[in-house]
Amino acid sequence: MTTAPKLGGGLRDLHSQTSTRIQEEFAASGDGRRALEQRTALVDAIAIRLWQEIISPHPNGPEGFALVALGGFGRRWLFPHSDIDLLFLHANGDSERSFKDPVRMLSQELWDLRMRLSPTTRTLAECDRLDADNVEFTISLLDCRYLAGDPRVFRRLHDEVVPKLVVRESQSLVQGLAEVTRARHGKFGNTVYHLEPNVKETPGGLRDHNVACWLALISAMHKLRDWPERRTLLGERALKQLDEALDFLISVRCFLHFRHGRDDSTLTWEAQDEAAARNIGGAQPAAPGAAQWMKLYFGHARSVRRIALQLLDEVPAAWSSLHRQFQNWRSRLSNADFSVVDGLIYLRQSSALQDPDVLLRMFHFLAHHGLKLSATTEQKVEQVLPALAATPPRGAGLWLHLWEILVQPHAADALRAMHSLRLLTLLLPELESIDCLVVRDFHHRFTVDEHSFLAIENLHRLRQSQAEWDKGYREILEELLQPELLYLALLLHDTGKGLAAESHVDASLEIADRCLARLDLDAEDRETVRFLIRCHLEFSEALRRDIFDPATIRAFAEKIGTPERLKMLCLLTYADIKSVNLEALTPWKAENIWQLYIATSAHLNRSLDERVHGNGDGGYLARLHSLAPSATRKLKSFLEGFPKRYLQSYPPQAILQHFNLAAALGQESVQLDLKRGRHWFELTLVTKDRPRLFASITGALAAWRMNIVKANAFSNEAGTVVDTFYFTDPFRTLELNLPEWDRLKRDITAVLHGEADLERMLRDRLRGDKNGKVRVSVETRIEFDDQSSSGSTLLQIVTQDRPGLLHRIASCLAREHCNIEIALIDTEGQMAIDVFYLTAKKGKLAREHQQRLEAALHQDLGS
């Protein structure tokens with residue numbers, strides 16, 4: 001051991017001059033790996049020289065004491081301003097006490113050189129213990145490298161202590177590594193796609209690269225009980241992806257260290273501009289701008305994260321017993337096509353994915369159960385993509401698959417998996433415009449594609465949310481009739497941001513039109529999706545005004561039109577804002593959105609009995625007249641007196657069809673139109689109003705064992721009724737027997753003409769359903785409201801849904817001499833929520849009439 005030498009000046013000059021040269025060479029070449037090698041060699045030389053001057057001049061001395069490089073320094077990845085991890089390794093405690101002061105002196109010399117030294121002193125026995133609170137130290141030993149001192153001590157560490165420790169503690173190490181990694185990912189929202197990522201810590205960054213290598217090393221060492229050959233740790237494909245990503249990420253982090261002059265790995269917007277201009281990472285050809293250059297970054301980060309997560313998931317022995325129990329339970333989800341092992345999906349037949357139907361069903365399976373694809377399954381997907389690209393699925397078949405995926409609880413995970421494998425943009429090339437797209441907005445935190453996936457995810461998470469202010473949103477989500485259209489709108493609502501357009505909303509609509517045509521959506525469904533995209537900023541704009549001003553609410557309600565659209569737009573706004581960044585949707589903002597929703601909903605309901613006048617100057621009426629210019633006068637007469645809600649409930653083409661049916665009443669007094677939608681059958685009745693009309697037709701449908709889920713009932717000034725019933729066919733009577741379509745219509749017509757015994761038909765039906773079980777008991781509530789309508793009394797009935805319920809209610813209303821002006825029928829699970837606008841003697845129901853009706857309804861409903 002020597003006394004402290006006079007080292008300061010010489011080493012400072014060496015450090016300063018060499019560091020300057022390394023920076024200049026990097027500026028010229030952009031070669032990150034070369035810069036790391038040079039800086040590692042510089043610090044090696046300085047540390048060894050200090051060791052020789054302060055600890056021991058002997059090349060292998062002193063006995064029982066060694067200097068070891070750990071972590072990034074051990075890997076020879078010493079970035080310009082990174083910490084330098086040094087281990088002062090002693091054979092035993094005696095050596096540690098003898099060299100305590102020289103170690104402090106050596107460390108001080110490095111600190112005086114302004115190096116960020118992180119020194120650790122351990123004996124071999126201490127290195128052989130796993131500290132649960134400091135798993136990082138044991139992990140750093142996986143990259144240990146000899147620098148100076150007694151090589152026998154280092155070899156005992158490397159050849160004996162570390163392999164035995166890893167073999168003994170592999171499960172704890174992997175579990176600890178997984179917990180640390182998941183906690184880090186959680187801090188960054190579990191996504192690669194940050195607008196200003198940290199190239200070391202963000203998911204997909206250099207830390208994830210290291211995690212992947214450590215996991216593979218631990219797994220291999222556990223099997224071999226010795227150090228494996230590093231190049232054999234990963235498959236050829238994964239290794240190639242990691243190496244390419246590593247070259248890029250190392251160059252970027254070097255660039256950031258030099259640019260910021262400190263250990264700052266944040267890829268700010270200004271740094272992105274400069275990196276793209278200097279072609280950091282060496283893309284060939286060079287990216288034309290920062291946005292394209294960032295796509296290169298995200299592409300590498302996406303590969304790194306995917307491999308790291310696969311390895312985390314594929315080391316089952318390391319998981320906790322609870323997690324193992326959960327994964328074993330999920331293994332029971334295996335079916336004829338897919339096996340589930342430790343939460344990962346494997347194919348029963350390796351060639352199965354050549355069938356696009358199986359391929360898409362696999363992502364539906366993933367979205368439903370919250371599983372992940374195994375690495376081998378992902379490889380199979382990538383292998384079939386070239387063939388699939390030649391004739392990609394499209395049309396209604398593709399939409400059916402996407403629809404089934406979008407409504408599943410883990411839809412966002414499935415979409416991300418499809419996107420990561422390039423399958424999603426193959427099926428929907430319209431999404432190419434937002435692939436890894438960075439749009440510089442101080443409010444946004446994620447790329448546009450991730451923002452869209454996150455919005456879908458946030459809606460699905462509503463069902464599990466315990467937040468008080470999420471309760472209302474959750475309830476209206478459950479009420480949606482076609483949630484898949486809302487999810488599709490969220491997927492497409494910002495696609496226009498990828499184009500150089502003045503309005504991203506207009507551009508998104510253009511892109512959506514192509515996508516909706518590709519999916520062959522029904523005209524009405526297309527219009528719903530287009531409405532949501534077109535109006536996806538309307539809530540935010542309305543919130544900038546006084547939402548307690550009736551004029552604001554009235555104007556907003558006129559833009560929205562119907563309660564169903566209001567619900568969908570409210571949820572879209574909620575999800576859109578919440579996905580901007582983790583703090584964007586404050587309780588205050590959520591409450592304001594909800595207040596606007598409630599006020600608008602109330603306004604729409606109050607305006608139900610506002611009537612249409614054929615000479616009105618509304619744009620909607622003008623459009624109707626333009627579609628049938630030769631029938632303008634008759635059309636005005638037909639529309640006269642319908643509730644405005646009627647115009648809002650149907651597209652112009654449907655209203656013209658009603659008009660044509662009404663025109664045919666002269667030949668046949670009952671006009672029926674039956675068609676099948678994607679979700680239910682739709683029966684439209686046009687006829688002259690008569691007593692018990694609504695009760696009769698609901699009874700006829702009930703007798704046919706149809707389940708009415710929704711109904712609209714409107715009438716005009718001339719007494720022409722347009723009733724529409726939406727029903728499901730639980731026994732597939734109509735689906736399997738086309739002749740039954742006509743028989744159903746004949747039966748309904750006969751009932752309306754009094755030629756069929758409806759009560760007998762219903763008795764037969766009820767006998768068949770007497771064994772039906774009530775899964776959830778619903779208490780009957782009957783409420784009257786005289787305030788919400790100027791000319792009608794509102795009756796709301798919430799009760800247990802059951803066969804023939806609507807017929808029973810409508811019959812009671814008829815017996816009590818109530819005229820149904822409007823009927824709004826809805827069903828949620830086993831709960832029926834029916835709202836009727838009633839009149840008696842052309843006015844509201846008197847209080848005594850309401851009490852009599854309530855008693856009659858309770859008696860009829862058995863409540």
Side-chain angles (χ1 to χ4, degrees), residues 475 478-479 602 605-606 608-609 690-703 705-713 723 725 727 751 758-789 791-863:
E475 288 177 353
E478 297 294 339
E479 294 170 5
N605 286 329
R606 280 195 300 273
L608 277 174
D609 56 347
R690 69 192 71 179
R692 298 183 58 84
L693 175 65
F694 195 82
S696 297
I697 197 162
T698 53
L701 286 172
R705 306 168 76 88
M706 301 302 171
N707 182 31
I708 300 173
V709 294
K710 180 182 172 186
N712 293 326
D723 291 352
F725 299 85
F727 59 88
V751 167
L758 177 60
E759 295 307 317
R760 183 186 59 75
M761 293 166 63
L762 280 168
R763 283 196 300 275
D764 292 344
R765 156 73 194 275
L766 293 176
R767 273 200 297 272
D769 287 337
K770 62 183 179 181
N771 294 325
K773 293 182 179 178
V774 174
R775 288 174 294 175
V776 180
S777 179
V778 179
E779 183 182 358
T780 297
R781 300 199 312 271
I782 298 174
E783 298 173 0
F784 292 92
D785 176 2
D786 281 327
Q787 306 302 316
S788 296
S789 169
S792 305
T793 295
L794 268 69
L795 166 65
Q796 175 171 291
I797 303 173
V798 178
T799 190
Q800 187 88 45
D801 192 28
R802 69 201 83 168
L805 171 68
L806 196 52
H807 169 68
R808 196 176 302 183
I809 294 174
S811 297
C812 183
L813 296 177
R815 283 199 311 274
E816 294 298 326
H817 307 291
C818 296
N819 184 47
I820 300 174
E821 301 289 340
I822 299 170
L824 305 173
I825 310 303
D826 208 350
T827 306
E828 296 177 12
Q830 291 205 323
M831 180 168 67
I833 307 170
D834 301 339
V835 177
F836 299 90
Y837 280 61
L838 303 177
T839 57
K841 300 179 181 177
K842 298 185 178 180
K844 295 184 179 182
L845 274 62
R847 180 60 187 156
E848 296 76 15
H849 195 168
Q850 293 179 18
Q851 292 172 342
R852 191 168 64 248
L853 176 60
E854 181 176 356
L857 284 168
H858 275 300
Q859 184 174 358
D860 276 19
L861 298 177
S863 54

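Since the model is a prediction, treat every value here as computed from it, not as a measurement.
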Taking side chain to side chain contact (heavy atoms under 4.5 Å, CB included) as the criterion, tell me which of Leu838, Leu795, Thr793 meets it with Gln850.
Thr793
On a heavy-atom basis, the closest approach of Gly804 and Ala702 is CA-CB, 3.7 Å
At their closest point, which heavy atom of Leu762 faces which heavy atom of Ala703, and how far apart are they?
CD2-N, 3.9 Å
Are Lys844 and Ser792 packed together at the side-chain level, in the sense that at least one heavy-atom pair is separated by less than 4.5 angstrom?
no
How would you list, by chain and number, every residue that makes a side-chain hydrogen bond (donor to acceptor under 3.5 Å, both in side chains) with Ser696, sequence neighbours excluded?
none
Kindly say whether Leu861 contributes a backbone atom to a donor-acceptor pair with the side chain of Arg802 at under 3.5 angstrom?
yes
Any Asp801 side-chain heavy atom under 4.5 Å of Asn707 side chain
yes
Do Tyr837 and Leu794 have side-chain heavy atoms sitting under 4.5 Å apart?
yes
Heavy-atom donor-acceptor pair, His807 side chain to Thr698 backbone, under 3.5 Å
no
Excluding sequence neighbours, so at least two apart, what forms side-chain hydrogen bond (donor to acceptor under 3.5 Å, both in side chains) with Arg781?
none
Measure the spacing between SG of Cys818 and CD1 of Ile809 and express it to the nearest 0.5 Å.
12.5 Å
Non-hydrogen atoms of Ala832 and Leu805 that approach each other most closely
CB-CD2, 3.5 Å
Go through the structure and list residues passing side-chain contact (heavy atoms from CB on, under 4.5 Å) with Ala840, not counting sequence neighbours.
Leu845, His849
Residues in ring pair (Phe, Tyr, Trp, His ring centres under 6.0 Å) with Phe836, at least two apart?
none
Taking C-beta and beyond as the side chain, do Thr780 and Val798 meet within less than 4.5 Å on heavy atoms?
no
To the nearest 0.5 angstrom, please state how far the CG atom of Leu857 sits from the OG1 atom of Thr799.
9.5 Å
Residue pairs, two or more places apart or on separate chains, that pass salt bridge (charged side-chain N to carboxylate O under 4.0 Å, His left out) and touch residues 850-859:
Glu816-Arg852
Partners meeting side-chain contact (heavy atoms from CB on, under 4.5 Å) with Asp723 (sequence neighbours left out)
Leu685, Leu693, Phe694, Ala713, Val721, Phe725
Indicate the atoms forming the closest heavy-atom contact of Ile708 with Phe727, along with that distance.
CA-CB, 3.9 Å
Arg815: salt bridge (charged side-chain N to carboxylate O under 4.0 Å, His left out) partners, not counting sequence neighbours:
Asp860
